Amino acid sequence: MTAYCHLTFPLPVNQTFLYRLPDELKNRVRPGTVVIAPLGSRKIKGYVLEVTDSVPGSGFQLKDVCEVLESGPALPPEFLNFIQKLALRNLSSPGLFLEQAEGPVRLAEIKPQVIITSKGKEELQSGELKGKNRELLDLVSQRALSPVFLKKKLKWRDLNAKLKSLEQAGLIEIKQKARKAKSLALPPGQAPRQLSLPVGFLAEDSPVSSIFQALQAMKFQRFLLAGEAQKRQEEIFKIISQAVDGEGYVFILLPEIEQTKRWLSYASRLGSTAVFYHSRLSGKKRSEAWESIISGKSRVVIGTRAILFLPVKPVRLIVVDEVQNELYDLAENPPFDVREGAQIRAKEEGAVLLLTSSCPPVSLYYHSAGSGELIDLGQTDRCYTRQFSRQDLSHWLQEELKVEAGPVLQAGRQIFFFINRKGYAGYLVCPGCGYVPRCPACQIPLIFDKKKGELVCRYCGQSMSRQETCPGCGRQLKAGRIKGSQFLVERIKKALPDLNLALLEEGEEKSKIEGYLKKIKSGKIQLVIGTEYALPRLSPGSFSLVVVIEPEIGLNLPDFKASEQTFIRLFKASELLANRPSSKLMVITSMPDQPSIKYGAQADYPSFYREELEYRQLLKYPPFSLLVSLTLSGHNLRRVAGASRQLGEELNERFPALEIIGPKVKPRLWKKVQKEVKLYLRLAESKEFFALSQFLEDFSHQHSQARLSYRILL
DNA sequence: AGCACGCCGACT
DNA sequence: GTCGGCGTGCTC
C-alpha cells in the first residue's frame, strides 16, 4: 500500500502539503520526522505532521518525499498538539515552531553549488563574455560557490534569473550537493529515573497547598502566585519537590537569560535534577543540557522560552516567573506570547501553570482573584524613606545632589540613578500650562531637533515644523532639553568629580557592562546610572539611595497599560534598595500624586491595584472589556493598507457591536523594512471572542500578502 | 520565504 | 525588437 504524509514547512505559509512516501522511506517516517521534499522548484526541509495510507481525492499531482533527515523517536502527541495549537493561535505555520524544537542536532542540508562547465571556461578565456556574465563566471572559475554566497557578494537582485540563463546556455551547472552532518545520537529507550530530593515537610495550611492538590489531580489548572521574589522562589521550590516525584518535568520560564543568575542557588539545591536551558548556551553545553533533559536525567529545566519547545513528556508543572514582564511578548519569527504558549502547552499536557510576580498585571490579578486561582503571599513591609521632589532636574542636581549623596558615599554605600531615557533630547514646552506638542498619530511628546528646527516623533519617525505658541494659552513655547542618561552622567561628574560611576544602558558593549557589574559588586563603583536595562542586572537590596528621574514620561505613551508599566518600573527600582530606614527612595517628578508614582514609590501593590482598577472600570479598559490588538505587516505598504481596509470593513459588517480603534499606520518603525498597520478592537462580551478568532483565521488564509497577528491585551 | 511568470520602460 | 526591473500569486 502506498503511504502518504502531510508536511509543514518552516515558511510563513500556514497550510500543510501532501506528499507520497517512497517505499524505502516508509518505515523511517513518523510524526515529527524531518524530511527533504520538493516545493515548487526547490527542495527544502519539512516536518511530518501525519502519516496516512489514504488520500482525499484531490486535483494535485503528488510529489515524492526525497529524503529522511532525522528520525528519532516520534514526537509525543501532546507536544505535536501543542505546536499545532500554538501555530493556529498565532496564525502561522507549525513548521516555524517545530524548527525551534530541533535541539542541537545538526541536520544534513542540501546545499546548491554553482559550478563552471568546460564550455564556460572556454568562453571565459576567449574573452567573449562581458559585463555581469563575465563577473559571475570569474568568481565561479576558481571553485564552486553557493548562490547564497554569490548573492551576498554581488548584491544583484536578478541573480537567480542570471544563473538560470547561464545554466541554460551550458556555461555553468547548479548541483544539489547533499552534505550529511554528524547526527547526535540520542540514548534510546529507558533512562535512569532515580531522584533524591530534599522533600520538605508539607504543612496542610501551606499557602500553596491548593497547588499540591492540583498537581495530584494531573489536570490543567492555572494559578497566580503573587509575592516578593525570594518568598516566591521558596514556595516554588517546595512545589517542585512535590511535582518531580515520579517522572514529570518541571519548566521554569524566565523573561530573559539575564534572570537565570537569580536561580543559580536554587538550581544547585536540586543537584543534577535541575539544568539551565536557553539560546545563549553554546555548542557543547547545549548538547549536554539537551541530552540530559531528553534522557530524563534532568527534569527541572530553568531558562527562557526555548524550553517550551523541548519535546519531552510528561510535563507536570510550568512556572512563568515575572509574568508581568513584557519581554514575554515576542514580535518576530514567529511572533507569539510566551505566557500564552505556556498556557497552551500546560493545557495539552494536563499540567499546572503557575504564573508568578511581585507586581502582577492588574487584569490578571483581578481574574485570578475572581476564579480562586490567586495565591497572594502578601507584601513585606517597606521601611525605607521616600521623598518626592518637584524641583527641576537641573536645579536638583545643582543644589540637592551633594546634600543627598554626600552622606551615603561617605558611609561607603552605593547610589543608583534610574532614568527612563537615553542620551539627550530636546523638546518644546509651554512655560504657562505645561503643554507639550505631541505626535498626532502616536500621541507621544515630540522631540525638538534644534539644528533642523523640526519636531520629530521618536516612535513613528514623522517630522513636522515647530509650533511657536501654545494653542491653549498662547504663550511662547520654550525649548527644553530632555535630561537623558548622557546629561545625567555629565552633570553628576561635574558635581561629584572624584566619583567612580557607571552607566548601564542598552547598546553598550557586553564586555564593558560585565566589567562594570563586577566593579559594582565589589564596591569600586559607588554610583550607577541606569535605564530599564539595568534593573535585572543589579542585585536587589544593594543600594542605600535610589533616585528615580521623572518616571512620568512613560505615562505619555498611548497605551492603557502605561500607568501599570510606570508602577512596575518604580516598584522594581525600589527593590534595589536595602530595606532599612536609613535607605532612601528619592523621586524627582512633577506628578507625585499620580497613583502609579505615589504607590510605586511605596511598592504598595494593593493600593495601586485598587485605584487602577477604578480607572479601568471608568474607561472600560481590561479587565472590564476585552481589548484585542491586530497587526498586519508586510513589505508592501499598499498591500498591507489594502488588507487593513478590507479587514476593517469586514469586521464592521460581521461584528456590528465591536468597537474598532484605528487603523494606524506605522510608517517607519526604527530601521524595519516591514510596514505595519495596527488596529485595536474592544469587545464588551468575551463570548464574542470565539467567533472573532474564527473570523481572523479565515481572513489570514485569504490574505497571504499581509501577515496578520493578534494579541489579547490583559 | 523564495521562485516563476508576466508585464512594462530603456537600451544595443 | 530584447533585457531586466518589479508586482503578483503559488508551492502538495
Side-chain angles (χ1 to χ4, degrees), chain A residues 2-22 25 29 33-67 87 90-100 109-112 114 128-136 146-152 154-169 174 176 332-335 632-643 646 672-675 700-709:
Chain A
T2 331
Y4 303 87
C5 62
H6 292 275
L7 295 188
T8 171
F9 293 98
L11 302 175
V13 179
N14 45 6
Q15 95 185 239
T16 60
F17 294 85
L18 189 63
Y19 285 84
R20 247 164 44 87
L21 268 173
L25 299 181
V29 170
T33 302
V34 193
V35 298
I36 297 281
L39 184 70
S41 61
R42 32 183 195 152
K43 287 178 179 169
I44 56 166
K45 178 174 75 174
Y47 303 89
V48 177
L49 284 180
E50 205 189 314
V51 183
T52 51
D53 46 23
S54 62
V55 258
S58 65
F60 305 126
Q61 184 66 51
L62 293 189
K63 292 185 184 173
D64 279 4
V65 169
C66 310
E67 199 181 335
N90 291 286
L91 309 175
S92 82
S93 162
L96 285 171
F97 289 103
L98 277 170
E99 201 172 28
Q100 306 190 43
E109 294 171 277
I110 291 209
K111 276 206 166 175
V114 182
E128 269 173 50
L129 290 159
K130 306 177 276 188
K132 283 185 165 185
N133 286 350
R134 195 199 165 91
E135 205 179 328
L136 206 151
S146 75
V148 182
F149 176 84
L150 289 169
K151 206 163 209 167
K152 266 190 202 150
L154 296 165
K155 291 181 189 129
W156 299 344
R157 290 199 61 150
D158 58 332
L159 181 74
N160 283 320
K162 266 257 129 41
L163 289 174
K164 280 274 143 67
S165 72
L166 283 170
E167 190 181 23
Q168 259 182 10
I174 300 172
Q176 301 278 342
E332 245 147 20
N333 349 263
L632 280 159
S633 65
H635 288 280
N636 186 330
L637 184 59
R638 277 223 329 262
R639 279 171 154 190
V640 175
Q646 201 178 339
K672 271 192 198 162
V673 212
Q674 292 264 321
K675 310 292 187 293
S700 85
H701 272 290
Q702 289 157 26
H703 299 261
S704 51
Q705 65 280 126
R707 224 160 300 156
L708 176 65
S709 73

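Just so it is clear, the model here is predicted, and its values are computed rather than measured. Convention: sequence-line order gives letters A, B, ...; per-chain numbering from 1. Excluded from the calculations below are hydrogen atoms, water molecules and symmetry mates; all remaining heavy atoms, backbone and side chain alike, are included.
Take A:Q646 and apply the side-chain hydrogen bond (donor to acceptor under 3.5 Å, both in side chains) test, not counting sequence neighbours, and it matches A:E650. Partners of A:Y4 by ring-ring contact (aromatic ring centres under 6.0 Å, His included), not counting sequence neighbours: none found. For the ring-ring contact (aromatic ring centres under 6.0 Å, His included) test, residues two or more places apart in sequence or in another chain that qualify with A:F9 are A:F17. Applying the ring-ring contact (aromatic ring centres under 6.0 Å, His included) rule to A:H703 yields the partners A:F699; only residues at least two apart in sequence or on another chain are considered. Remark: A:T8 engages A:S93 in a side-chain hydrogen bond (donor to acceptor under 3.5 Å, both in side chains) (not counting sequence neighbours). For A:V48, the side chain to side chain contact (heavy atoms under 4.5 Å, CB included) test picks out A:C5, A:L7, A:V29, A:T33, A:V35, A:V51, with sequence neighbours left out. Take A:D64 and apply the side chain to side chain contact (heavy atoms under 4.5 Å, CB included) test, not counting sequence neighbours, and it matches A:R20, A:P22.
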Each nucleotide N or O in nucleotides 10-12 of chain C that has a protein N or O under 3.5 Å away: list the pair and distance.
{"from": "C:dT11", "atom 1": "O3'", "to": "A:G40", "atom 2": "N", "distance (Å)": "3.0"}
{"from": "C:dC12", "atom 1": "OP1", "to": "A:Y19", "atom 2": "OH", "distance (Å)": "3.3"}
{"from": "C:dC12", "atom 1": "OP1", "to": "A:P38", "atom 2": "O", "distance (Å)": "3.0"}
{"from": "C:dC12", "atom 1": "OP2", "to": "A:K63", "atom 2": "NZ", "distance (Å)": "2.4"}
{"from": "C:dC12", "atom 1": "O3'", "to": "A:L18", "atom 2": "O", "distance (Å)": "2.7"}
{"from": "C:dC12", "atom 1": "O3'", "to": "A:K63", "atom 2": "N", "distance (Å)": "2.9"}
{"from": "C:dC12", "atom 1": "O2", "to": "A:L18", "atom 2": "N", "distance (Å)": "2.7"}

Would you tabulate the pairs of protein nitrogen or oxygen atoms and nucleotide nitrogen or oxygen atoms of nucleotides 6-8 of chain B closer than 3.5 angstrom?
none

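Remark: P of C:dG7 and CG of A:L637 are 12 Å apart, rounded to the nearest angstrom. The interatomic distance linking A:H701 (NE2) with C:dG9 (P) rounds to 18 Å, in whole Å. Rounded to an integer number of Å, the gap from A:N636 CG to C:dC6 P is 13 Å.
The backbone N or O of A:P10 sits nowhere less than 3.5 Å from a side-chain atom of A:Y47 that would complete a donor-acceptor pair.
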